[in-house]
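Just below is one structure, and these are the notes that go with it.
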Amino acid sequence: MSCVFCDIVAGEAPAIRIYEDAEYLAFLDIRPFAKGHTLVIPKAHTVDLTDTPPDTVAGLARIGQRIARAARHSGLHADGNNIAINDGKAAFQTVFHIHLHVLPRRSGDKLAFAKNMVLRRDPDREESGRLLREALAELDKTP
Ligand code: AMP
Ligand code: ZN
């Protein structure tokens, strides 16, 4: 069965990559709810929380936490983050390769965030990606 996130892992579909290791990949959401909206996925295809091993879910959380921390220190100037996994169609899952959303938030961004939930656009995604990668690289320097 074809899977767009497996295509991204294989380099057969485009993505603005934020983080990668042997088991996981993080890239920007194509229709972001906020600047820097990132998806963290395991490279091995699993569908949702029913078939994903607990250790893999823990790995998603570990990387999501690091990206959330980077967002706070980045030029995106996040003051906080929403972290979410939509588990199943009933929970609004639309891509059936498990993924963790990291949504950088700003203090008082309620109206802008609500507007973005409709527009779902970041006119400068390349720059948002660069800012997150830069902040992650800075975090790597401090254990
Ligand atoms: P969910 O509703 O939790 O399944 O979220 C799936 C997310 O994947 C949505 O926010 C989509 O905008 C995002 N998405 C779908 N296709 C792509 C793609 N090719 N590259 C990046 N993000 C994507
Ligand atoms: Zn997949």
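Counting starts at 1 for both ligands and their atoms, following the listed order. Below, each value reflects all heavy atoms present in this structure, side chains not excepted, and no hydrogens, waters or symmetry copies. Residue numbers count from 1 along this sequence.
The side chain of I8, and not its backbone, has at least one atom closer than 4.0 Å to an atom of ligand 1 (non-hydrogen atoms only; side chain from C-beta on).
Proximity of L28 to ligand 1 is established by a heavy-atom distance of less than 4.0 Å. Look at F27 and you'll find a heavy atom under 4.0 Å from some atom of ligand 1.
With respect to K43 and E20, a salt bridge is recorded, a charged nitrogen being found less than 4.0 Å from a carboxylate O. The residues D140 and R66 are annotated as salt-bridged, a charged nitrogen and a carboxylate oxygen being separated by less than 4.0 angstrom. In this structure, E134 pairs ionically with R130, as a charged nitrogen and a carboxylate oxygen lie closer than 4.0 Å.
H99 NE2, 3.1 Å is the protein heavy atom nearest to atom 1 (P) of ligand 1. In this structure, the protein non-hydrogen atom closest to atom 4 (O) of ligand 1 is T94 N, 2.6 Å. Closest to atom 2 (O) of ligand 1 among all protein heavy atoms lies F92 O, 2.8 Å. The nearest heavy-atom contact from the protein to atom 15 (C) of ligand 1 is V95 CG2, 3.8 Å. Annotation: atom 17 (C) of ligand 1 to nearest protein heavy atom, I30 CG2, 3.7 Å. In terms of protein heavy atoms, atom 10 (O) of ligand 1 is closest to D29 OD2, 2.5 Å.
Heavy-atom contacts of R120 reach the following atoms of ligand 1: 9 (C), 10 (O), 12 (O) (cutoff under 4.0 Å). Near L39, meaning under 4.0 Å from one of its heavy atoms, ligand 1 places the atoms 8 (O), 13 (C), 22 (N). Shown in contact with V4 at under 4.0 Å from a heavy atom are these atoms of ligand 1, numbered in order with element: 19 (N). Near N86, meaning under 4.0 Å from any of its heavy atoms, are these atoms of ligand 1: 1 (P), 2 (O), 3 (O). Listed by number with element, the atoms of ligand 1 under 4.0 Å from a non-hydrogen atom of R31 are 12 (O).
Follow the hydrophobic side-chain contacts under 4.5 Å out from F96 and you never reach L49; the two are in separate clusters. At a threshold of 4.5 Å between side-chain heavy atoms, the hydrophobic network of Ile, Leu, Val, Met, Phe, Trp and Tyr places V102 and V9 in two separate groups.
Between L103 and F113 the shortest side-chain heavy-atom distance falls below 4.5 Å. In this structure the side chain of K35 never reaches within 4.5 angstrom of the side chain of N116, judged on heavy atoms. Between L39 and F5 the shortest side-chain heavy-atom distance falls below 4.5 Å.
Geometrically, R120 engages F33 in a cation-pi contact defined by less than 6.0 Å to the ring centre and at most 45° from the axis.
For C6 atom SG and C3 atom SG, the angle they make at the Zn ion (ligand 2) is roughly 120°, to 10 degrees. When ND1 of H97 and ND1 of H45 are joined through the Zn ion (ligand 2), the resulting angle is 100° to the nearest 10°.
Polar contact with ligand 1: absent for P14 (N/O pair, distance under 3.5 Å). Taking any N or O of Q93, backbone or side chain, none lies under 3.5 Å from an N or O belonging to ligand 1. Some N or O of H101 is nearer than 3.5 Å to an N or O of ligand 1, by distance alone. Any N or O atom pair closer than 3.5 Å counts here, and F5 shares no such pair with ligand 1.
Aromatic ring centres of H99 and H97 lie farther apart than the 6.0 Å criterion allows.
Under a 3.5 Å cut-off, the side chain of Q93 and the backbone N or O of V95 do form a donor-acceptor pair.
In L111, the CG atom is not crowded: 12 or fewer heavy atoms of neighbouring residues, nucleotides or ligands sit closer than 6.0 Å.
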